[in-house]
2 protein chains.
Amino acid sequence: MNASEGVRERRPPLTRARVLEDAVALADRDGLDAVSMRALADRLGVVPMALYKHVRDKEALLDGMIETVLAEIPPPGEPGPDWKTAARARVLDARRALQRHPWAWRVLETRAAPSPAMLDHMESMLRILRAGGVSAHLAHHAMHALGSRIWGFTQEVGASGPPPTEPAAVEAAMAAMAARWPAVLESAMSAGHDPDSAVGAGCDDDFEFAFALDLLLDGTERLHLLGWTPWHGVSAGPGR
Amino acid sequence: MNASEGVRERRPPLTRARVLEDAVALADRDGLDAVSMRALADRLGVVPMALYKHVRDKEALLDGMIETVLAEIPPPGEPGPDWKTAARARVLDARRALQRHPWAWRVLETRAAPSPAMLDHMESMLRILRAGGVSAHLAHHAMHALGSRIWGFTQEVGASGPPPTEPAAVEAAMAAMAARWPAVLESAMSAGHDPDSAVGAGCDDDFEFAFALDLLLDGTERLHLLGWTPWHGVSAGPGR
DNA sequence: CGCGCCGGGTGTACGGCGTACACCTTGGTT
DNA sequence: AACCAAGGTGTACGCCGTACACCCGGCGCG
């Protein structure tokens with residue numbers, strides 16, 4: 001087009017990072033439904049098919065988008081004995097990140113398998129609990145109960161492919177988890193999980209549900225018996 | 001085509017109910033993504049556009065589908081003083097219905113405004129709590145905390161249109177609610193809600209979140225201090 | 001210096017989607 | 001007999017994701 005300038009106007013080359021960031025920005029501005037391969041390509045001044053050199057398909061684009069969002073969660077501090085305060089702060093940190101991108105939780109819920117970033121977050125939460133002395137079992141159930149508070153997913157969407165049955169593959173998967181997500185592995189094992197499928201599959205979902213339900217109901221009853229009111233709460237209760 | 005038979009082979013006329021039921025069955029069998037207007041029409045032996053005589057558009061079809069699913073929840077019993085047991089049973093009833101249709105919670109989450117069926121369910125839950133003597137405020141927050149346990153949605157998707165500002169419209173909406181969902185109305189009012197937008201909009205979402213979070217955290221701490229284990233639990237704790 | 005390779009952007013095309021709009025059929029009412 | 005409305009049909013449009021062949025420019029190598 002314009003060949004006059006000695007230096008040719010050439011846009012910076014597409015990168016996976018630029019694609020992902022623009023997709024996030026587009027979703028933030030115009031909503032998740034506005035994120036189509038075509039619209040995103042337009043925004044980047046490129047033809048739709050160019051995107052496929054950087055993301056495998058749309059599903060992978062969504063994966064990358066939540067990866068980008070999750071990266072905004074501040075890194076965890078050193079876990080200490082005051083696990084309750086630490087856990088509270090960490091959940092609120094995660095919430096803040098997701099709140100900046102209202103579309104994110106909806107995407108998160110549809111992810112089949114937990115991504116590394118998700119495992120990282122679970123890992124840090126579990127470490128907080130374990131460092132506070134909470135048993136592996138209780139930590140496991142607490143994580144499930146907190147699940148929807150952390151990201152908004154309730155159900156194990158499960159079925160992340162058939163679990164590898166060859167012992168070698170299983171061992172490799174476990175070794176990989178032990179290296180990076182030991183607390184998640186421990187938690188998974190503590191419930192008789194298939195370790196390679198991470199938290200979720202193999203759990204007694206009904207148990208986890210009832211556990212969380214009773215936690216909430218018992219807590220409500222406790223507040224009720226203590227005469228909780230929104231104006232001054234009650235020393236030991238939530239809602240402070 | 002075949003005019004030989006005296007009685008002509010004519011399929012029963014389409015009805016809204018048949019459309020909805022077939023859509024649910026299709027989603028159950030082949031997954032939510034398999035429910036397209038075209039596929040559904042095929043299944044009903046009809047041309048796609050015929051469906052539009054019975055549902056306004058696809059969004060309305062999805063509304064109708066969850067309406068159908070919610071209708072499977074058994075009707076509530078008489079609320080009595082043992083609210084905790086009753087609430088537990090009712091939540092589990094709802095869960096059972098949603099569990100039969102794994103796609104349902106995902107649709108539920110994307111509904112903008114609460115449907116009558118949803119309001120009915122909330123109403124019955126709130127009545128259980130109130131009949132047990134729980135204050136309107138506490139009942140309100142408990143409902144929010146239980147939200148994801150009841151159907152799996154966490155966030156108020158909000159924005160169900162601009163609230164009518166004319167006093168006449170507001171009064172009409174309130175009157176309608178007072179007639180059918182008095183407990184929901186009371187709960188909404190108890191938090192300074194815009195009553196016509198039902199539970200949700202106008203709430204301090206951060207407060208509700210923190211309330212539920214602390215309920216779970218405090219409950220976990222309590223179990224931890226009591227030495228809870230999965231094998232025999234602890235008298236007063238969940239997970240029985 | 002020429003040449004081939006290859007990573008990344010392009011063009012075209014296909015099948016599927018939701019749905020607007022005009023049309024036709026049919027059974028009941030007047 | 002004439003009409004009307006309700007409900008099913010046919011066609012078409014503009015989106016979507018993406019397979020596949022192509023092409024271009026910079027780099028390493030003989």
Side-chain angles (χ1 to χ4, degrees), chain A residues 1-24 26-27 29-66 103 106-107 110-112, chain B residues 1-24 26-27 29-66 103 106-107 110-112:
Chain A
M1 49 198 77
N2 180 354
S4 57
E5 297 296 332
V7 279
R8 293 176 60 78
E9 291 282 355
R10 77 192 305 100
R11 62 179 141 68
L14 234 40
T15 62
R16 182 178 156 84
R18 276 215 325 130
V19 170
L20 262 27
E21 279 157 26
D22 260 52
V24 167
L26 182 56
R29 187 158 60 78
D30 297 342
L32 185 58
D33 292 344
V35 180
S36 72
M37 299 302 268
R38 290 165 143 96
L40 181 54
D42 255 28
R43 192 188 153 95
L44 287 159
V46 111
V47 92
M49 287 310 291
L51 301 178
Y52 287 81
K53 292 281 148 76
H54 302 277
V55 293
R56 188 150 36 85
D57 55 14
K58 175 135 191 204
E59 213 60 15
L61 174 69
L62 294 174
D63 286 345
M65 287 170 70
I66 64 117
W103 46 269
R106 232 201 296 171
V107 177
T110 62
R111 295 310 86 188
Chain B
M1 49 201 75
N2 181 353
S4 58
E5 297 295 333
V7 279
R8 292 176 62 79
E9 291 281 356
R10 78 190 307 101
R11 61 177 142 68
L14 234 39
T15 63
R16 182 178 156 84
R18 275 213 331 125
V19 169
L20 263 24
E21 279 158 26
D22 259 52
V24 167
L26 182 55
R29 186 158 60 78
D30 296 344
L32 186 58
D33 293 343
V35 180
S36 71
M37 298 303 268
R38 290 164 141 95
L40 180 56
D42 254 29
R43 192 188 151 97
L44 287 159
V46 111
V47 93
M49 287 311 291
L51 302 178
Y52 287 82
K53 293 279 150 78
H54 303 276
V55 292
R56 187 151 32 87
D57 56 14
K58 173 131 191 207
E59 213 59 15
L61 174 69
L62 293 174
D63 286 345
M65 287 170 71
I66 65 118
W103 46 269
R106 229 201 297 171
V107 176
T110 62
R111 296 310 86 187

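We name chains A, B, ... by the order of the sequence lines, and we start the count at 1 in each one.
Note that CZ of A:R38 is 10.0 Å distant from CE of A:M49, once rounded to the nearest 0.5 Å. Taking NZ of A:K58 as the start and CG of A:D63 as the end, the distance is 12.5 Å to the nearest 0.5 Å. Note that the CZ atom of B:R18 and the CG atom of B:L20 stand 12.0 Å from one another [nearest 0.5 Å].
Between the CE atom of A:M37 and the P atom of C:dT10 there is a distance of 14 Å, given to the nearest Å. The nearest whole Å value for the distance from the CG atom in A:L32 to the P atom in D:dG17 is 11 Å. Distance, A:D33 CG to C:dG18 P: 14 Å, rounded to whole Å. At whole-Å resolution of the value, CZ in A:R38 and P in C:dT12 are 13 Å apart. A:L44 places its CG atom 15 Å from the C1' atom of C:dT10, with the value rounded to the nearest Å. Following rounding to the nearest Å, B:R16 (CZ) and D:dG7 (P) show an atom-to-atom distance of 13 Å. What separates CG of A:D42 from C1' of C:dG9 is a distance of 15 Å, to the nearest Å.
Checked against D:dC16, D:dT9, C:dG9, the side chain of B:V47 finds its nearest nucleotide in D:dT9.
Between A:L40 and A:L51 there is a side-chain heavy-atom pair separated by less than 4.5 Å. B:W103 has its side chain within reach of B:V24: a pair of non-hydrogen atoms, C-beta onward, lies under 4.5 Å apart.
Within residues 48-56 of chain B, the residues that place at least one heavy atom under 4.0 Å from DNA chain D are, in residue-number order, B:M49, B:A50, B:K53, B:H54.
Smallest separation of non-hydrogen atoms from B:Y52 and B:D57: CE2-CA, 4.0 Å.
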